[in-house]
Amino acid sequence: AGFIIFSLLHKATGWLDTSDNRSILMWIVAGGALYLVAILLVPKDRNITEADRSPSLWPFGKSKGDAPVFTKTLTVAIIVIAFNRLAMSSINSFNSLYVKDVLERADLVGVLNSIGAVCELLFMLLSGYLLGRKVKPMTLIALSALGLIVRLLLYAFVPTMFGAVLAQTLHSLTFGIFHPAAVMFIGTHVAKNRRAMGMALYTSLGVGLPAVIGSALGGVLVESLGFSGMFVIYTAFAAISLIIQWIFRSPLFSEKVSQ
């Protein structure tokens, strides 16, 4: 929502001069200041009581009883998520350059990103509804991988404004559907008193590390093969994500939930 509002404000007022680094820096500072103010206004979380604390200092130790924190199912799930996000990194890192260099419409980068943001928001709500109706999280993650393959192929083989708009609507699947499902899976497959650790693993190994690797690799591929070649190659990562899900479908699609 914030991105949409800012993009509309930029289009309506022209306050941000994207060709002037000083203007960009000023708005980064202003946005950061507003973010810090918002943090100060957030109510403090309750203190964790001694009874809630884990006696183990090693984060991958066991939780209550003999339930392991870092199970085989969770390990496979994070690998699935990592390959999915590795494919997505090509879009996150290079979509703006693609619009500027290939479509030659740098003025529409914000508009196209706003289309993706709107679709993302609507389908996050849909994802929550589907999860509430007992649709399995891994089913939605598989759907997001299929959406990624189609989206990347659109960028590669339909290098037009129509193709870009259609690809941006698929952000509904590649992130809007994906993120709530991934969070739900992690939350239900990590011991209750270690869910914060589970989310840390998701954001760092499942999302952060693939973004770093994908951005670096993507830069090399764009220089050597161009944007189309890079997008085609990245469909393989989404396909690998689906293959791993199929191989380990029994534990990944099971009903077992951690306590």
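Every value quoted in this text rests on a predicted model; they were computed, and no experiment measured them. Computed over heavy atoms, backbone and side chain alike; hydrogens, waters and symmetry mates excluded.
- Between Met230 and Ser90, the closest side-chain pair of non-hydrogen atoms falls below 4.5 Å.
- In the hydrophobic cluster analysis, where Ile, Leu, Val, Met, Phe, Trp and Tyr join through side-chain heavy atoms closer than 4.5 angstrom, Met199 is grouped together with Ile141.
- In this structure, the separation between CG on Asn113 and CG on Asn95 is 6.0 Å, given to the nearest 0.5 Å.
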Would Tyr202 and Ile81 count as a side-chain contact (heavy atoms from CB on, under 4.5 Å) if you check the C-alpha gap in whole Å, the side-chain angles of each, and the deciding distance to 0.1 Å? CA-CA 8 Å; Tyr202 163 62; Ile81 289 169; 3.8 Å; yes
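- Judged as a side-chain hydrogen bond (donor to acceptor under 3.5 Å, both in side chains), and not counting sequence neighbours, the contacts of Arg151 are Tyr155, Gln168, His171, Thr174.
- Proximity of Pro137 to Leu131: side-chain heavy atoms (C-beta onward) are separated by under 4.5 Å at one or more points.
- Note: Lys136 NZ to Phe253 CZ = 8.5 Å, rounded to the nearest 0.5 Å.
- Legend: side-chain hydrogen bond (donor to acceptor under 3.5 Å, both in side chains) pairs involving residues 215-238, not counting sequence neighbours, sorted by first then second residue: Ser93-Ser215.
- Listed here is the closest heavy atom pair of Gly214 and Ser89: CA-OG, 3.2 Å.
- Ala77 and Met138 get closest at one heavy-atom pair: CB-CE, 3.8 Å.
- Using a 4.5 Å heavy-atom cutoff, the side chains of Leu166 and Val158 are not in contact.
- Looking at heavy atoms from C-beta onward, Phe227 lies in side-chain contact with Asp101 at the 4.5 angstrom threshold.
- Here CG of Leu201 is found 8.0 Å from OG1 of Thr203. Values are rounded to the nearest 0.5 Å.
- Considering every non-hydrogen atom in both Leu148 and Ala238, the closest pair reads CB-CB, 4.1 Å.
- The ring of Phe231 has its center closer than 6.0 angstrom to the ring center of Tyr98.
- Every residue two or more places apart in sequence or in another chain was checked for a salt bridge (Lys or Arg N to Asp or Glu O under 4.0 Å) with Arg133, and none qualifies.
- Note that CG of Leu126 is 11.5 Å distant from CG of Leu121, once rounded to the nearest 0.5 Å.
- Rounded to the nearest 0.5 Å, atoms NZ (Lys72) and OG1 (Thr75) are 9.5 Å apart.
- Using a 4.5 Å cut-off between side-chain heavy atoms of Ile, Leu, Val, Met, Phe, Trp and Tyr, with links allowed through other members, Met124 and Ile177 fall into different hydrophobic clusters.
- When hydrophobic clusters are built by joining Ile, Leu, Val, Met, Phe, Trp and Tyr residues whose side-chain heavy atoms come closer than 4.5 Å, directly or via intermediates, Ile78 is grouped together with Met197.
- Considering every non-hydrogen atom in both Val109 and Ser96, the closest pair reads CG1-OG, 3.5 Å.
- Counting all heavy atoms, side chain and backbone alike, Gly163 lies closest to Leu154 at O-CB, 4.3 Å.
- Under a hydrophobic clustering in which Ile, Leu, Val, Met, Phe, Trp and Tyr are joined whenever their side-chain heavy atoms come within less than 4.5 Å, directly or via other members, Leu252 and Ile240 fall into the same cluster.
- Two residues are said to be in side-chain contact when any heavy atoms from C-beta on lie closer than 4.5 Å; Leu173 and Phe178 fail this criterion.
- Phe185 places none of its side-chain heavy atoms less than 4.5 Å from the side chain of Val80.
- Take Arg105 and apply the side-chain hydrogen bond (donor to acceptor under 3.5 Å, both in side chains) test, not counting sequence neighbours, and it matches Asp107.
- The CZ atom of Phe123 sits 11.5 Å away from the CG atom of Leu140 when rounded to the nearest 0.5 Å.
- Nearest heavy atoms, Val190 versus Gly198: CG2-CA, 4.1 Å.
- Every residue meeting the side-chain contact (heavy atoms from CB on, under 4.5 Å) condition with Ile233, not counting sequence neighbours, appears here in chain and number order: Leu221, Leu225.
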Determine, step by step, whether Ser172 and Leu122 satisfy the side-chain contact (heavy atoms from CB on, under 4.5 Å) criterion, reporting the C-alpha distance in whole Å, the side-chain angles of both residues, the deciding distance to 0.1 Å, and the verdict. CA-CA 7 Å; Ser172 56; Leu122 295 175; over 6 Å; no
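- Under a cutoff of 6.0 Å and an axis angle of 45°, Arg85 and Phe237 do not form a cation-pi pair.
- In this structure, Leu146 shares a hydrophobic cluster with Ile149, Leu153, Phe157, Val232, Leu242, the cluster being traced through Ile, Leu, Val, Met, Phe, Trp and Tyr side chains under 4.5 angstrom apart.
- Note on Leu125: it does not cluster hydrophobically with Met184, by side-chain heavy-atom contacts below 4.5 Å among ILVMFWY residues.
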